[in-house]
Structure formats: structure tokens, C-alpha cells
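Numbers restart at 1 for each chain; the letters A, B, ... are given by sequence-line order, proteins then strands.
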There are 2 protein chains.
Amino acid sequence: MRVSQRTEYGVRAMIALARDFDEVISIKELAERESMPETFLEQIMSDLRKAGLLKSVRGPNGGFRLKDAPSEITIGRVIATLEGSLSPARCGSDCSKQDGCSTRSVLDRIERAITETLDGIYLKDLVGDLAHE
Amino acid sequence: MRVSQRTEYGVRAMIALARDFDEVISIKELAERESMPETFLEQIMSDLRKAGLLKSVRGPNGGFRLKDAPSEITIGRVIATLEGSLSPARCGSDCSKQDGCSTRSVLDRIERAITETLDGIYLKDLVGDLAHE
DNA sequence: TTATACCTGACTAAAATAGTAAGAATAGGG
DNA sequence: CCCTATTCTTACTATTTTAGTCAGGTATAA
């Protein structure tokens, strides 16, 4: 049930961008600041852009910025984008195992709890975090 | 953030045992009922036993039964056993990345939500589930 | 003593993860 | 117009995790 490194990098990047909301920051800069592998981050940023969470600027002095204000982007949206979904389930809701779905009920409840938690956390809420608080 | 097949099998097995709480059921029987791979299930049951969730009976007519009543075993305990932990974090709380831990705060909140949810669900609550309810 | 079941550890194939690498497209500055 | 900084895209690779299988040992009821 762990979150992937990929997702963690993505979240860190989003928070970093929220911190300097008005600036365009390049992947190189971001990768250095947060010590994340540059080319890997490149892929991740690309996905976040395709999902409509980021705007990109190409060419020299280019980079990325948040598409919306940090007060409007939830962590739930970020993680769901990177992780594909917030559901811990392995089968879709079409799951039709004989009886197999008492577990389904459990997984659905987990999903609900995660969703509710993460949809209540906005990027702006995390900008201040500099350590274990 | 998905739950492993292993964990799902384990949960299914625990629920099945809760359903026939007073009986000793063999792995073979369990595997057939729930159509799970027998030898794989064997490993899983072994871990659940080592964790103190199951009692085993060896020899002919042997098998497994819950160690405690279905009203006393939470799904949280089952999943934490099988999954190692309920935390989605990849690093321990010793994590000391430069700044890396605004994500930590997020992951801790997820864990809290999951834990609270799953520690409130007992096996007995799931025994009735036969389909998508 | 034999069959049945648990127990243990080693092994394997397939999938997911965490990257790398290489090049094309775009845009700003000289 | 050309050079360079940057994003964009796709393909590749190594490592780890997952989902099992398999072979053999151990306890016990009949």
C-alpha cells in the first residue's frame, strides 16, 4: 500500500511550485532544490501538465508553474493523477467474483477515507511545512 | 497505492473463517471455496498464524481457526499484518531529507485516516457481506 | 503406520518501479 | 538567422516486488 517514489517526487514538486507560485521554475532548478533525478522528474511533470495541473513554458528561461492557485489544488487531485486513482482496489467495480467482494466493501471504505482526507488538503496548506510538524 | 493480491487473499480467508467461527477449516477447503491458489494461501495463513491471528491444528482434519472472536479482530490488524504496515510512506519517521517532508505530513495524514477507518471495522461486520452492498 | 494436513525455505516468471538515453520541437537572445 | 536552453516524446534497461510453484519435512488422528 505504499505510495511510489514517482508520486512522492510529484507531490514535492507541486509543493515547491506552490511555494513560488508566481515564478516559472525549470525542471533543472526543481530537481536540484529537492534533489530529485532530473530526467525522471521530467516525465512526472509532463504527466502533471497533461492532467491540467501545470502550465509549461518552453525555450530558454522556460519551466513550469501551477495552472491554478495553491488554494485551489488539492493533494487528492495530485496524487490521484500520479497514482492513477486513489483506490486501493485491484479490480474495478465490475468485480464479480463469487463472494469475493466482502473485501471490496473494505477497500471501498478505505478509498472513501483516503479521498475525504486528501480532498481536504490544499497545496497552500503544505507550503509552510519545512520539517516534521 | 494498491493492496496486494496476497493481502486480499488473506482478508478473504479471515472473513471466511469468521463466517464459520467454530469450525476448523483446512487450507484446501478454504482455497476451493474462495478459489485462491492453495500453496500461496498456505504461506499467507502461516504469516497470519505467526502474527497471532490464527490457531492451527495439524494432522488429518486439521486446519485453521481464528484465534479470537470475529468481534475482536479488526481489519486494520489483518491488513497491517499482511501488508507490513498501514503507512503509505516509503521512509520511516527517521526521514531527514532536506525539506523532503512536507510530503511526510501528507502521508501521515493518509495513514491516520486509513488506520482510523480500518480499526473501526471488525470481522463480524463483514461476515454478512455477500455482494456489493 | 499411514494418510492428511500444516510447516518451511528455496526457487521462478511476470509485472511494476525507478530510472536513463536520445533526439525532436520550441523559443529567446545575440 | 543561429545558438542554446528548455520542454516534449519515446524507447530502453536494471532492479525490485509480486505472485506464485515446488520439494521436502513435521505433527497427529485413525
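In this structure, the side chain of Arg49(B) does not engage the main chain of Lys55(B) through any donor-acceptor pair within 3.5 Å.
dA5(C) atom P lies 6 Å from atom NZ of Lys28(B), rounded to whole Å. Residue Ile44(A) contributes atom CD1, which lies 9 Å from atom P of dG19(C) at whole-angstrom precision. Here the C1' atom of nucleotide dT7(D) and the CD atom of Glu29(A) are 16 Å apart, to the nearest Å. Computed from coordinates, the Arg2(A) CZ to dA16(C) P distance equals 18 Å when rounded to whole Å. When rounded to the nearest whole Å, the span between CE of Met45(A) and P of dT6(D) equals 14 Å. Rounded to whole Å, the distance from CG on Asp47(A) to C1' on dC8(D) is 12 Å. Here the C1' atom of nucleotide dT7(D) and the CD1 atom of Ile25(A) are 15 Å apart, to the nearest Å. We find that NZ of Lys50(A) is positioned 9 Å from P of dC8(D), with the value rounded to whole Å.
Salt-bridge formation is not detected for the pair Arg109(A)/Asp125(B): no Lys NZ or Arg NE/NH1/NH2 atom is positioned less than 4.0 Å from an Asp or Glu carboxylate oxygen. Looking at Asp108(A) and Arg104(A), a side-chain N of the basic residue comes within less than 4.0 Å of a carboxylate O on the acidic one, giving a salt bridge. Using a 4.0 Å cut-off between charged nitrogen and carboxylate oxygen, Lys28(A) and Glu32(A) do not count as a salt-bridge pair. Using a 4.0 Å cut-off between charged nitrogen and carboxylate oxygen, Arg112(A) and Glu116(A) do not count as a salt-bridge pair.
Lys55(A) comes within contact range of no nucleotide atom at all, as no heavy-atom separation falls under 4.0 Å.
One finds no side-chain N or O of Ser26(A) lying less than 4.0 angstrom from the OP1 or OP2 phosphate oxygen of dA5(D). Contact between the side-chain N/O atoms of Ser56(B) and the OP1/OP2 oxygens of dC7(C) is found at a separation under 4.0 Å. For the pair Arg49(B) and dT8(C), the criterion of a side-chain N or O lying under 4.0 Å from OP1 or OP2 is met.
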Review point. How does protein contact run along nucleotides 18-30 of chain D, one letter per nucleotide 5' to 3', with B for base contact, S for sugar-phosphate only, - for none, heavy atoms under 4.0 Å?
Key: -SBB----BBBBS
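Scored by the side chain to side chain contact (heavy atoms under 4.5 Å, CB included) test, Thr74(A) finds Arg77(A), Asp119(A), Tyr122(A) as partners (sequence neighbours excluded).
Heavy atoms from other residues, nucleotides or ligands lying under 6.0 Å from NZ of Lys124(A) number more than 12.
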